[in-house]
There are 2 protein chains.
Amino acid sequence: MPKFKLDETDHKILDLLIDNTRIPFTDIAKKLEISAGTIHVRVKKMEEAGIITGSSLQVDYKKLGYSFIAYVGVFIFKTSQTQFVLERISEIPFVTVAHVTTGKFNIFCKIRARDTAHAKDIIYQIDDIEGVSRTETMISMEESINDKKRLLHSIFNEI
Amino acid sequence: MPKFKLDETDHKILDLLIDNTRIPFTDIAKKLEISAGTIHVRVKKMEEAGIITGSSLQVDYKKLGYSFIAYVGVFIFKTSQTQFVLERISEIPFVTVAHVTTGKFNIFCKIRARDTAHAKDIIYQIDDIEGVSRTETMISMEESINDKKRLLHSIFNEI
DNA sequence: GGTGAAAGCACCGAGTT
DNA sequence: AACTCGGTGCTTTCACC
């Protein structure tokens, strides 16, 4: 995997697109004082290189009635069952991400639910998977801002 | 907070936009067999209602050299210091999200780093915050697919 | 709430420097 | 690599259903 080299201009383009994918290329062109055609070529190159993998809509799940977030640590009887359990967990609706981890838990996942009752259903589904010995739940009471732009800046400042 | 009522058409529009914000409204219009103007109006309404809060680019951080993900559980001496610590943690570069949680940890965060050495630096920064007693790190060895589209489907199937 | 048409822009590839 | 330019197609508005 050859590392793709991004320059200052690419950084600026990503910076403008990261939290607004629908900004017109002509606007970016004006801000960076280069032509819109160039923006187009550079974005295409970053897409081809796999740096840009897509775009997604930010949806306020709270407004849809899903304001409950919890992290669930999962303990497994035998580590050989890890892959199997990971796959089963990933299939459960409202599990938004799952990781195989070192440390305390074997698997670690995040769930998004309507309320505690709904969360209980989801956690019970995890508990019921063959190979799972028990789970430990951490309920999120407050989430701090999750800012993609800041992560990107941190990365660009380092490179 | 009056709950905004989405109908089947809104669901379909969100479904098409959730993992491709740049799909032309004219394409959506063809698929749903309604006019592009209507798509425009509905998207605008969902934006005004705060259901759609924005759009973001999906970037492959691995390709940029940042393939290390870990979750860090944080223990705090006195719970009254929680807010202070949360704010300090949120300011640390490469911390991508932080939660105040019930359960084992007081605060729980996710970090994205270049490698273990880099992660160590980040975790030391967390440990150094006034009020933090100790931290517990879980390194992600494998991440399962994180699919926004699936979450949205689960939600729409319930409503 | 939806339509369809029209004006204004944006996209994006080709050809040039 | 970057620019310009033009055809094509998208967005957005508005008068009308």
Side-chain angles (χ1 to χ4, degrees), chain A residues 1-60 63-65 148-149 152 155-156 159, chain B residues 1-60 63-65 148-149 152-153 155-157 159:
Chain A
M1 213 202 300
K3 209 169 286 175
F4 190 82
K5 195 76 193 120
L6 296 179
D7 66 11
E8 193 58 31
T9 305
D10 294 321
H11 289 181
K12 284 179 186 161
I13 293 171
L14 284 180
D15 184 45
L16 287 165
L17 284 173
I18 193 90
D19 60 5
N20 180 12
T21 59
R22 290 186 90 98
I23 183 175
F25 287 4
T26 47
D27 284 10
I28 300 178
K30 264 176 236 154
K31 279 183 194 169
L32 307 193
E33 294 180 328
I34 49 181
S35 82
T38 303
I39 308 292
H40 177 238
V41 169
R42 279 174 175 264
V43 169
K44 213 171 165 189
K45 275 187 188 165
M46 289 190 277
E47 281 170 353
E48 280 161 8
I51 305 271
I52 296 175
T53 57
S55 58
S56 72
L57 214 59
Q58 281 161 1
V59 172
D60 186 341
K63 284 247 165 70
L64 294 176
K148 281 190 172 187
K149 194 161 194 148
L152 208 65
I155 291 175
F156 293 158
I159 292 174
Chain B
M1 212 202 299
K3 208 169 287 174
F4 190 81
K5 195 75 192 124
L6 298 179
D7 66 11
E8 193 59 31
T9 306
D10 294 321
H11 289 180
K12 285 179 184 161
I13 294 170
L14 284 179
D15 184 47
L16 287 165
L17 284 172
I18 192 89
D19 59 5
N20 181 12
T21 59
R22 291 187 88 96
I23 183 175
F25 287 3
T26 47
D27 285 10
I28 301 178
K30 266 175 235 154
K31 280 184 194 169
L32 306 193
E33 295 179 325
I34 48 179
S35 80
T38 301
I39 307 292
H40 179 240
V41 170
R42 279 176 175 262
V43 169
K44 213 169 165 187
K45 274 188 188 162
M46 289 191 277
E47 282 169 353
E48 280 161 8
I51 307 271
I52 296 175
T53 57
S55 60
S56 72
L57 213 59
Q58 280 160 0
V59 172
D60 186 342
K63 284 248 165 69
L64 295 175
K148 281 188 174 188
K149 192 161 196 148
L152 208 63
H153 281 169
I155 292 175
F156 292 159
N157 283 336
I159 291 172

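Convention: sequence-line order gives letters A, B, ...; per-chain numbering from 1.
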Can you check the [X] [atom1] to [N] [atom2] distance for me, whole Å?
| X | N | atom1 | atom2 | result |
| --- | --- | --- | --- | --- |
| B/I28 | C/dG2 | CD1 | P | 14 Å |
| B/D10 | C/dG2 | CG | C1' | 13 Å |
| B/D27 | D/dC10 | CG | P | 6 Å |
| B/F25 | D/dT12 | CZ | P | 6 Å |
| A/I13 | C/dC11 | CD1 | C1' | 15 Å |
| A/K5 | D/dA1 | NZ | P | 13 Å |
| B/I23 | C/dC11 | CD1 | C1' | 16 Å |
| B/I39 | D/dT13 | CD1 | P | 15 Å |

Next on the checklist: Side chains of A/T38 and A/V41, heavy atoms from C-beta outward: is any pair under 4.5 Å?
Outcome noted: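 No, every pair of side-chain atoms sits at 4.5 Å or beyond.
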
Checklist entry - Do the charged groups of A/R42 and A/D10 touch, with an N to O distance under 4.0 Å? => result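 Yes.
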
Next on the checklist: Testing the basics here: between B/A29 and B/S35, what is the closest heavy-atom pair and its distance to 0.1 Å?
Outcome noted: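 The pair with the smallest heavy-atom distance is CB-C, 3.8 Å.
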
[N] phosphate, OP1 or OP2, under 4.0 Å from [X] side-chain N/O:
| X | N | result |
| --- | --- | --- |
| A/K44 | C/dC11 | no |
| A/K45 | D/dA1 | yes |
| A/H40 | C/dC11 | no |
| A/T26 | C/dA10 | yes |
| A/T38 | D/dA2 | no |
| B/R22 | D/dC10 | no |

Checklist entry - Among D/dT12, C/dT3, C/dG1, which is the nearest nucleotide to the side chain of B/I34? => result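 Given the options D/dT12, C/dT3, C/dG1, the side chain of B/I34 is closest to C/dT3.
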
Checklist entry - Under 6.0 Å from the NZ atom of A/K149, do we count more than 12 heavy atoms belonging to anything else shown? => result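 Yes, because the 6.0 Å sphere around NZ of A/K149 holds more than 12 heavy atoms from other groups.
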
Checklist entry - Once the angle between the rings of A/H11 and A/F156 is folded into 0 to 90°, is it parallel (under 30°), tilted (30 to 60°) or perpendicular (over 60°)? => result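 Ring orientation of A/H11 relative to A/F156: parallel.
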
